[in-house]
There are 2 protein chains.
Amino acid sequence: MIGQLNHVAIAVPDLEIATKFYKNTLGANVSDALELPDHGVKTVFVKLQNTKIELLEPIDSSSPISKFLHEHPNGGIHHICYQVEDIKSAISKLVKEGARVLGTGKPDIGAHGKPVIFLHPKDCLGTLVELEEA
Amino acid sequence: MIGQLNHVAIAVPDLEIATKFYKNTLGANVSDALELPDHGVKTVFVKLQNTKIELLEPIDSSSPISKFLHEHPNGGIHHICYQVEDIKSAISKLVKEGARVLGTGKPDIGAHGKPVIFLHPKDCLGTLVELEEA
């Protein structure tokens, strides 16, 4: 069912410092910063040869990333995102297997303008997993 | 400097349950379990189209993964690994930029039989980063 690893999302307390680390220290190709008010974050994409790293800084304290950073003040990996071909059939399969879909249980439109869901970390080996329709 | 994302490593308390989750619930292609006594882990590779997820279960309580699982009993993302072409020149650049290489500061032979280093999470946005010579 799952296809490519779409991205690994890293929550960071300071996007400018994080971007400099990936650009200058690790020598990676990074995008400009992009504000996504609907998702409560400012983001920079690190473009690797085979996938992306998304650096996420909360826009304000109501951002879902803020609570995570409160618990992980240096930052940390927030979630991983796998692509699926058909998100509705993915949800049916997951629910049948006993995995919990967060929120309403129906897809939202994610940061890339495509349908996404998040799965409960306790059902996914302690990791927050996003599925995005490719 | 960094090339492909080589893998994302997820520490898990029970490799059999974790493998079933990726194989049956997420419908991914998984390898057989492989014991790596030198690294204190038993591992299963989840083969995605563009990269790998490595599921890691500690072999015993002296395993470096054991302490992590003590703090994250459900499991969690342990590290991410980027490929580099030349690990010695990568180390020189990183040290010049102020990033700390863990251990002796020199490459070890990693789980794939290639030279690897780990960088201090506090220098890498709160994430444990492995670099592997491609």
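Since the model is a prediction, treat every value here as computed from it, not as a measurement.
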Asker: Does E97(B), at its CD atom, have more than 12 non-hydrogen atoms belonging to other residues, nucleotides or ligands within less than 6.0 Å?
Answerer: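 Yes, because the 6.0 Å sphere around CD of E97(B) holds more than 12 heavy atoms from other groups.
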Asker: So what's closer than 4.5 Å to chain B heavy atoms on I53(A): side chain, backbone, both or neither?
Answerer: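 Contact with chain B: side chain only.
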Asker: Please work out which of the three classes, parallel, tilted or perpendicular, describes the rings of Y82(B) and Y22(A), given edges at 30° and 60°.
Answerer: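 Rings of Y22(A) and Y82(B): perpendicular, as their planes differ by over 60°.
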Asker: Is D123(B) close to chain A through its backbone or its side chain, or both, or neither, when contacts mean heavy atoms under 4.5 Å?
Answerer: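 Contact with chain A is through the backbone of D123(B) alone.
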Asker: Which one wins on heavy-atom pair count under 4.5 Å against chain A: V8(B), N24(B), D14(B)?
Answerer: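 Sorted descending by pairs with chain A, the first entry is N24(B).
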Asker: Quick one: what part of I77(A) sits under 4.5 Å from any heavy atom of chain B, side chain, backbone, both or neither?
Answerer: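 For I77(A), heavy atoms of backbone and side chain both lie under 4.5 Å from chain B.
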Asker: Does either side chain, that of E54(B) or that of H112(B), offer a donor lying less than 3.5 Å from an acceptor on the other one?
Answerer: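 There is such a pair between these side chains.
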Asker: If we define contacts as heavy-atom pairs under 4.5 Å, which of L48(B), N74(B), N50(B), T127(B) has the most with chain A?
Answerer: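 Most heavy-atom pairs under 4.5 Å with chain A: N50(B).
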Asker: If we ignore angles and hydrogens, is there a donor and acceptor under 3.5 Å between the side chains of H78(B) and H72(B)?
Answerer: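 Note: H78(B) and H72(B) side chains miss the donor-acceptor criterion.
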Asker: Pick whichever of I17(B), I2(B), V12(B), L125(B) has the most heavy-atom pairs under 4.5 Å with chain A.
Answerer: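 Heavy-atom pair counts peak at L125(B).
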Asker: Need one label for N29(A): side chain, backbone, both or neither, based on atoms under 4.5 Å from any heavy atom in chain B.
Answerer: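 Answer is neither: N29(A) stays 4.5 Å or more from chain B.
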Asker: Which atom names give the shortest non-hydrogen contact between C124(B) and F21(A), and what distance separates them?
Answerer: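 Closest approach of C124(B) to F21(A), heavy atoms only: SG-CZ, 3.6 Å.
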Asker: Taking all heavy atoms of I65(A) and all of A11(A), pick out the closest pair and write down the distance.
Answerer: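 Scanning both residues, the minimum pair turns out to be CG2-CB, 3.6 Å.
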Asker: Quick one: of A90(B), A18(B), A28(B), P73(B), who has the most non-hydrogen atom pairs under 4.5 Å with chain A?
Answerer: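 Most heavy-atom pairs within the cutoff with chain A belong to A18(B).
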